[in-house]
Amino acid sequence: MAGTAMGWTCVTVLVLLSVRASAQARAPKTCKAADEAALLDFRRDFTCSDDIDPGVTCPLDSWTSDSDCCTDWEGISCDSRGRVKKIKVTSFFRPPSSFGIRGNERRPFGRPLAELKELQDIEMRFVQMSQPLPKAFANITKLRRLSLIACNIIGEIPGEYGRLSNLETLRVDTVSPDYFGQGMVGTTGIPQELCSLHKLKHLFLFYNPQLSGSIPSCIDRWTSIESISIFNTMPGFTGVGGLTGKLPATIGKLSTLKKLRLSWNNLRGELPKSITNLRHLRVLELDHNQFTGSIPPQIAYMKSLEALNLHSNRLYGKIPHSIAALSNLIGLDLGNNSFWGEIPSVIYNMPRLGSLILNNNRIWGRFPQYWGPDDAMKFFQIDVSHNYLSGPLPSKLKHNTFFFDASFNSLSGSLPASIGELTFLRELDLSYCKFTGRIPADIANAPALTRLDLSFNKLSGPVPEALRRIPELYLAFDNVTGYR
């Protein structure tokens with residue numbers, strides 16, 4: 001009897017599952033037929049292979065005519081009307097796997113996407129395109145965001161993209177030229193046609209070491225711009241490209257700009273005074289260029305500035321006292337330039353400053369013995385190496401200093417025992433100075449200290465035994481005894 005009941009139960013379950021499956025099969029698709037047809041046509045542009053696993057699942061395998069593109073297709077998002085609004089194609093990164101596009105001059109890549117009338121967002125990652133930015137994308141009238149990351153884009157930015165009147169974000173990120181191609185190539189820089197992108201908010205062009213050219217003066221028409229980030233190279237990457245010419249004075253008209261990052265280019269000339277009109281700018285990174293001249297004193301007007309990086313340029317002159325008016329400044333990097341004179345004493349009392357980098361300049365003078373109350377300034381790292389500073393160290397450094405480099409200066413006097421009170425100090429480099437006397441054993445009390453370099457000074461006496469716990473201890477060419 002129990003067996004019969006169990007049998008009827010199984011039959012009932014199978015019937016219910018069959019009815020449910022049948023109902024699902026008959027359910028109408030939410031995806032519009034025209035959008036499905038365009039995506040299936042777009043799918044033909046891709047090729048997928050894997051030399052290790054020929055049966056590997058490819059990114060677009062779920063794109064089939066017997067399923068719903070809005071609910072079943074990977075990387076597709078639709079609006080409430082069943083119109084495709086976003087495409088995200090993300091491939092695997094496992095050489096020698098390959099997911100890319102078919103080379104076909106008669107069939108421009110991406111042409112079917114113009115049929116997607118509500119498409120606003122395209123994102124592709126690790127797709128081996130090996131071609132310039134698709135001009136066909138310029139016909140996607142409602143496109144708001146285009147992001148291509150590690151897609152081996154070559155060539156220049158098409159001027160046709162100036163027709164994308166709704167574009168808010170353009171991102172082309174090579175990620176690593178060593179792995180994903182050398183990136184965009186050309187001498188046009190930013191095409192003037194792109195100045196008509198009045199709604200553009202974010203422009204990101206990362207690691208394209210063969211891309212050069214200038215920034216057009218018409219960028220003042222970017223009335224919605226919030227961030228401009230263009231890095232064309234960095235250490236370890238080949239190529240000598242980078243944006244050239246001067247930074248246009250019209251940059252000062254971008255009243256909505258919050259981040260300007262143009263590191264590792266070949267920009268020249270003086271910093272335009274108009275840049276100090278950017279009252280909402282929070283990040284200004286112009287390091288590793290060839291800018292000349294001095295820092296305009298009007299920099300005090302940039303009250304929102306949190307990070308100022310001018311490292312590795314050809315700037316000179318005194319560090320303006322007005323820089324201390326930047327009460328929100330957290331990071332200040334003026335290293336590897338030709339600034340001269342004393343460090344303005346007001347800098348030591350800036351309320352939020354957490355990083356001060358002034359290495360490789362021509363700065364002289366003494367450290368102040370009092371750096372303001374601990375809660376008034378928060379130096380986390382200080383690098384003033386390779387300058388002409390003299391006199392003693394402050395009797396007390398800031399309690400939350402974790403990195404301090406004053407090597408290659410003319411600092412003298414004895415080492416303060418208060419160094420051992422620095423709870424967070426990890427690295428201290430005072431090599432190639434003129435310190436004298438014995439090494440205080442109290443320095444070993446700094447619990448986080450892992451690197452201490454006191455080489456090439458005039459220190460004497462025995463090395464305190466407690467210092468031997470420091471993993472990296474350097475005392476070469478001192479007159480100390482007991483050093484290995």
Side-chain angles (χ1 to χ4, degrees), residues 235 287-288 309-312 319 331-344 347-348 353-369 371 379-422 424-444 446 448-461 463-464 467-480 483-484:
D287 55 289
H288 295 87
N309 187 350
L310 301 176
H311 196 98
S312 295
I319 301 173
L332 175 61
D333 189 343
L334 305 179
N336 203 23
N337 281 285
S338 295
F339 292 110
W340 54 272
E342 297 187 5
I343 301 174
I347 285 183
Y348 297 107
L353 196 62
S355 176
L356 178 63
I357 310 297
L358 300 174
N359 63 304
N360 286 287
N361 278 287
R362 292 184 290 166
I363 295 172
W364 60 76
R366 294 173 172 242
F367 284 119
Q369 287 303 301
W371 281 10
F379 274 166
F380 293 113
Q381 62 172 345
I382 307 170
D383 187 350
V384 290
S385 61
H386 295 268
N387 278 292
Y388 301 95
L389 296 171
S390 58
L393 281 179
S395 56
K396 282 194 175 183
L397 297 176
K398 285 301 170 180
H399 76 283
N400 50 2
T401 301
F402 78 85
F403 178 91
F404 190 100
D405 189 349
S407 59
F408 291 90
N409 278 283
S410 295
L411 298 170
S412 59
S414 58
L415 298 176
S418 60
I419 292 174
E421 300 173 8
L422 301 178
F424 305 102
L425 184 64
R426 298 186 63 181
E427 295 188 34
L428 176 63
D429 192 341
L430 300 175
S431 59
Y432 291 89
C433 289
K434 299 178 180 180
F435 291 108
T436 56
R438 297 191 173 210
I439 303 173
D442 289 347
I443 291 179
L449 190 60
T450 60
R451 185 177 185 275
L452 175 62
D453 193 344
L454 302 175
S455 303
F456 292 91
N457 279 282
K458 298 179 180 180
L459 299 169
S460 58
V463 177
L467 260 62
R468 298 185 186 279
R469 70 152 189 86
I470 301 173
E472 296 184 53
L473 176 63
Y474 303 101
L475 302 172
F477 291 91
D478 285 318
N479 294 320
V480 296
Y483 177 62
R484 61 184 185 277

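For the numbers below, each heavy atom of this structure counts, side chains included, while hydrogens, waters and symmetry mates do not.
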Side chain to side chain, [X] and [Y], heavy atoms closer than 4.5 Å:
X: Ile470; Y: Thr450; value: no
X: Asp429; Y: Leu454; value: no
X: Asp405; Y: Leu428; value: no
X: Pro392; Y: Leu411; value: no

Does Phe435 form a side-chain contact (heavy atoms from CB on, under 4.5 Å) with Leu430? I'd like the steps, not just the answer.
CA-CA 9 Å; Phe435 291 108; Leu430 300 175; 3.8 Å; yes
List the residues meeting side-chain hydrogen bond (donor to acceptor under 3.5 Å, both in side chains) with His311, not counting sequence neighbours, and say none if there are none.
Asp333
Test Tyr432 against every option in Tyr474, Phe408, Phe477 by the ring-ring contact (aromatic ring centres under 6.0 Å, His included) rule and name the one that passes.
Phe408
When you look at Ile363 and Val384, which way does the side-chain contact (heavy atoms from CB on, under 4.5 Å) test go after all the steps?
CA-CA 9 Å; Ile363 295 172; Val384 290; over 6 Å; no
Cut-off 3.5 Å, side chains only: do Asn479 and Ser460 have a donor facing an acceptor?
no
Using 30° and 60° as the class boundaries, would you call the ring planes of Phe404 and Phe367 parallel, tilted or perpendicular?
tilted
Using modelled atom types and a 3.5 Å cut-off, is there a donor and acceptor pairing between side-chain atoms of [X] and backbone atoms of [Y]?
X: Asn457; Y: Ser455; value: yes
X: Asn409; Y: Cys433; value: no
X: Asn309; Y: Leu334; value: no
X: Asn387; Y: Asn361; value: yes
X: Asn400; Y: Phe402; value: no

Which atom pair, heavy atoms only, marks the closest approach of Arg366 to Ser390?
CG-O, 3.4 Å
Provide the closest heavy-atom pair for Pro416 versus Pro394 in the form atom of the first, atom of the second, distance.
CG-O, 3.8 Å
So, taking the atom named [atom1] in [X] and the one named [atom2] in [Y], what distance separates them when rounded to the nearest 0.5 Å?
X: Ser431; Y: Leu452; atom1: OG; atom2: CG; value: 10.0 Å
X: Leu415; Y: Arg438; atom1: CG; atom2: CZ; value: 13.5 Å
X: Ile357; Y: Leu332; atom1: CD1; atom2: CG; value: 8.5 Å
X: Asn359; Y: Asp383; atom1: CG; atom2: CG; value: 4.0 Å
X: Gln381; Y: Glu427; atom1: CD; atom2: CD; value: 10.0 Å
X: Ile419; Y: Leu449; atom1: CD1; atom2: CG; value: 9.0 Å

Under 4.0 Å between a Lys/Arg side-chain N and an Asp/Glu carboxylate O for Asp478 and Lys458?
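Judged by the 4.0 Å cut-off on N to carboxylate O distance, Asp478 and Lys458 do not form a salt bridge.
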For Tyr388, side-chain contact (heavy atoms from CB on, under 4.5 Å) partners two or more places apart
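For Tyr388, the residues satisfying side-chain contact (heavy atoms from CB on, under 4.5 Å) (neighbours in sequence not counted) are Arg362, Trp364.
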For atom CZ of Arg451, decide whether the heavy atoms of other residues, nucleotides or ligands shown that lie under 6.0 angstrom number more than 12.
yes
